[in-house]
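Encoded as structure tokens, the structure appears first; notes follow it.
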2 protein chains.
Amino acid sequence: MEHLCLKNTIRLLQSADQIKARLSGDFASVHGLSVNEVFLLMHLEQAPLHRLSRVELAKRMHVSASTVTRMAAPMEKIGLVSRQADTRDARLAFVVLSESGLEKVKEARVTFAKQATYVFRDRWNDEDLELFSALLHRLIADAPGDLT
Amino acid sequence: MEHLCLKNTIRLLQSADQIKARLSGDFASVHGLSVNEVFLLMHLEQAPLHRLSRVELAKRMHVSASTVTRMAAPMEKIGLVSRQADTRDARLAFVVLSESGLEKVKEARVTFAKQATYVFRDRWNDEDLELFSALLHRLIADAPGDLT
DNA sequence: CCGAATCGCTTGCAAACGCAAGCATATTGC
DNA sequence: GCAATATGCTTGCGTTTGCAAGCGATTCGG
């Protein structure tokens with residue numbers, strides 16, 4: 001039981017590293033983005049008003065707040081996102097998805113899907129995929145910011 | 001179908017990030033190691049003669065060769081691993097697990113298992129876990145260095 | 001054999017990240 | 001009201017990482 005949990009966790013982490021390495025190359029060469037940058041855009045895409053505060057992004061991406069600040073800066077420079085202050089709370093600085101950012105994330109999603117399809121290749125049928133999806137969903141059910 | 005692959009990949013990556021963040025804190029505070037350092041030790045533990053070349057480690061951990069070089073250096077300093085040259089091929093420099101390294105990885109595995117058990121908590125029974133394990137196994141079946 | 005290509009490892013450099021500290025703004029307790 | 005605390009964001013610093021270049025060692029082709 002405990003051993004099964006450990007085995008599953010190890011396998012999950014190893015799978016993720018493997019997939020991330022594959023995605024990293026594609027996102028960089030095709031779109032000029034890192035994996036985390038694509039995830040940031042995807043979080044904004046599914047958020048109300050296409051915007052999130054920096055701390056909220058940090059929580060959902062499991063990175064520090066300073067990382068979000070430093071990731072957003074260059075993406076703002078190239079126009080993928082913009083900064084928006086809150087009228088109620090002057091501390092908040094939303095990261096807002098721009099039009100070109102929305103386009104970019106849609107393009108990236110195609111690349112993402114292509115790699116994802118390759119990952120599951122031929123050994124998986126629809127039933128397996130549904131089952132796997134349901135099991136994974138349990139792992140992130142209580143975490144904020146499910147992107148699916 | 002393609003959409004299911006994408007959904008599964010996203011969920012898998014999000015789960016992994018979440019778990020990694022949890023593990024990172026525990027490994028650092030309890031054992032003074034990073035997640036990747038623990039994985040390095042675990043790869044050595046299950047290798048023949050408890051040793052692997054640097055490029056082999058790099059492939060299995062999905063990191064660059066330079067990363068392995070730089071990870072091994074401090075671990076060698078504190079005696080967790082040692083360096084061993086090959087008599088046949090003078091280019092090879094094996095990373096060898098030491099006695100204290102073996103002890104360390106066994107301790108870390110306990111912490112690892114504890115966190116893993118918490119990740120799957122109560123919503124999972126043995127059947128689910130076995131099923132999940134089998135599905136994950138398909139994802140890494142062809143990759144070298146399965147740690148389970 | 002011997003030059004050319006390959007392989008394993010290391011190092012310089014730049015990019016990405018976390019932590020701790022700092023600043024400005026909000027909220028709370030009295 | 002007002003100090004004390006908490007929150008959101010940024011910045012300085014050290015650490016980790018990948019890429020490209022470089023170095024020896026090995027292998028390959030003729």
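Predicted model only: the values in this text are computed from it and were never measured. Atom set for the values below is all heavy atoms of this structure, side chains included, hydrogens, waters and symmetry mates excluded.
Between His31(A) and Phe27(A), the ring-plane angle classifies as tilted under the 30° and 60° cut-offs.
The interatomic distance linking Asp17(B) (CG) with dC17(C) (C1') rounds to 13 Å, in whole Å. Atom CG in Asp86(B) sits about 15 Å away from atom C1' in dG24(D), given to the nearest Å. For the pair Glu37(B) CD and dT17(D) C1', the computed distance is 13 Å after rounding to whole Å. Put simply, CD on Glu56(B) is 15 Å from C1' on dC9(C), counting in whole angstrom units. Nucleotide dG18(C) holds its C1' atom 18 Å from the CZ atom of Arg54(A), rounded to whole Å. The distance between atom CG of Leu40(A) and atom C1' of dA16(C), rounded to the nearest whole Å, is 14 Å. As rounded to whole Å, 15 Å separates atom P of dG18(C) from atom CG of Leu23(B). Remark: P of dA16(C) and CE of Met75(A) are 11 Å apart, rounded to the nearest angstrom.
In this structure, Ser64(B) does not reach the dT17(D) phosphate: none of its side-chain N or O atoms is under 4.0 Å from OP1 or OP2. Close to dT10(C), at under 4.0 Å from its OP1 or OP2, lies a side-chain N or O of Thr69(B). Within the 4.0 Å cut-off from OP1 or OP2 of dT11(D), not a single side-chain nitrogen or oxygen of Arg70(A) is found.
Here the closest heavy-atom approach between residue His43(A) and residue Met61(A) is recorded as CD2-CG, 3.6 Å. Heavy-atom minimum distance, Cys5(A) versus Leu129(B): SG-CD1, 4.1 Å.
Side chain of Arg91(A), nearest nucleotide from dC17(C), dA26(C), dT11(D): dA26(C). Minimum atom distance to the side chain of Thr67(A) is reached by dC17(C), of the listed dC17(C), dT17(D), dC9(C). For Met71(A), counting side-chain heavy atoms from C-beta on, the closest listed nucleotide (dT10(D), dC19(C), dC17(C)) is dC17(C). Minimum atom distance to the side chain of Asn36(B) is reached by dT17(D), of the listed dT17(D), dC9(C), dC9(D).
Each of Val68(A) and Thr87(A) was matched to the nucleotide of DNA chain C holding its nearest heavy atom; the match closer to the 5' end belongs to Val68(A). Between Asp89(A) and Val63(A), the residue anchored nearer the 5' end of DNA chain C, judged by the nucleotide with its closest heavy atom, is Val63(A).
Scanning atom types as modelled, one donor and one acceptor separated by under 3.5 angstrom connect the side chain of Ser66(A) and the base of dC19(C). Between the side chain of Ser53(B) and the base of dC9(C) there is no donor-acceptor pair of N/O atoms closer than 3.5 Å.
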Take Glu130(A) and Leu4(B) through the side chain to side chain contact (heavy atoms under 4.5 Å, CB included) test and state the conclusion after the steps. CA-CA 7 Å; Glu130(A) 283 287 3; Leu4(B) 256 178; 3.7 Å; yes

Considering only distance and modelled atom types, tabulate donor-acceptor pairs under 3.5 Å from the side chains of residues 134-148 of chain B, sequence neighbours left out.
{"from": "His137(B)", "atom 1": "ND1", "to": "Arg11(A)", "atom 2": "NH2", "distance (Å)": "3.4"}
{"from": "Arg138(B)", "atom 1": "NH1", "to": "Arg123(A)", "atom 2": "O", "distance (Å)": "2.6"}
{"from": "Arg138(B)", "atom 1": "NH1", "to": "Asp128(A)", "atom 2": "OD2", "distance (Å)": "3.1"}
{"from": "Arg138(B)", "atom 1": "NH2", "to": "Asp128(A)", "atom 2": "OD2", "distance (Å)": "3.3"}
{"from": "Asp142(B)", "atom 1": "OD2", "to": "Arg121(A)", "atom 2": "NH2", "distance (Å)": "3.2"}
{"from": "Asp146(B)", "atom 1": "OD1", "to": "Thr148(B)", "atom 2": "N", "distance (Å)": "3.2"}
{"from": "Asp146(B)", "atom 1": "OD1", "to": "Thr148(B)", "atom 2": "OG1", "distance (Å)": "3.0"}
{"from": "Asp146(B)", "atom 1": "OD2", "to": "Thr148(B)", "atom 2": "OG1", "distance (Å)": "3.3"}
{"from": "Thr148(B)", "atom 1": "OG1", "to": "Arg11(A)", "atom 2": "NE", "distance (Å)": "2.9"}
{"from": "Thr148(B)", "atom 1": "OG1", "to": "Arg11(A)", "atom 2": "NH2", "distance (Å)": "3.0"}

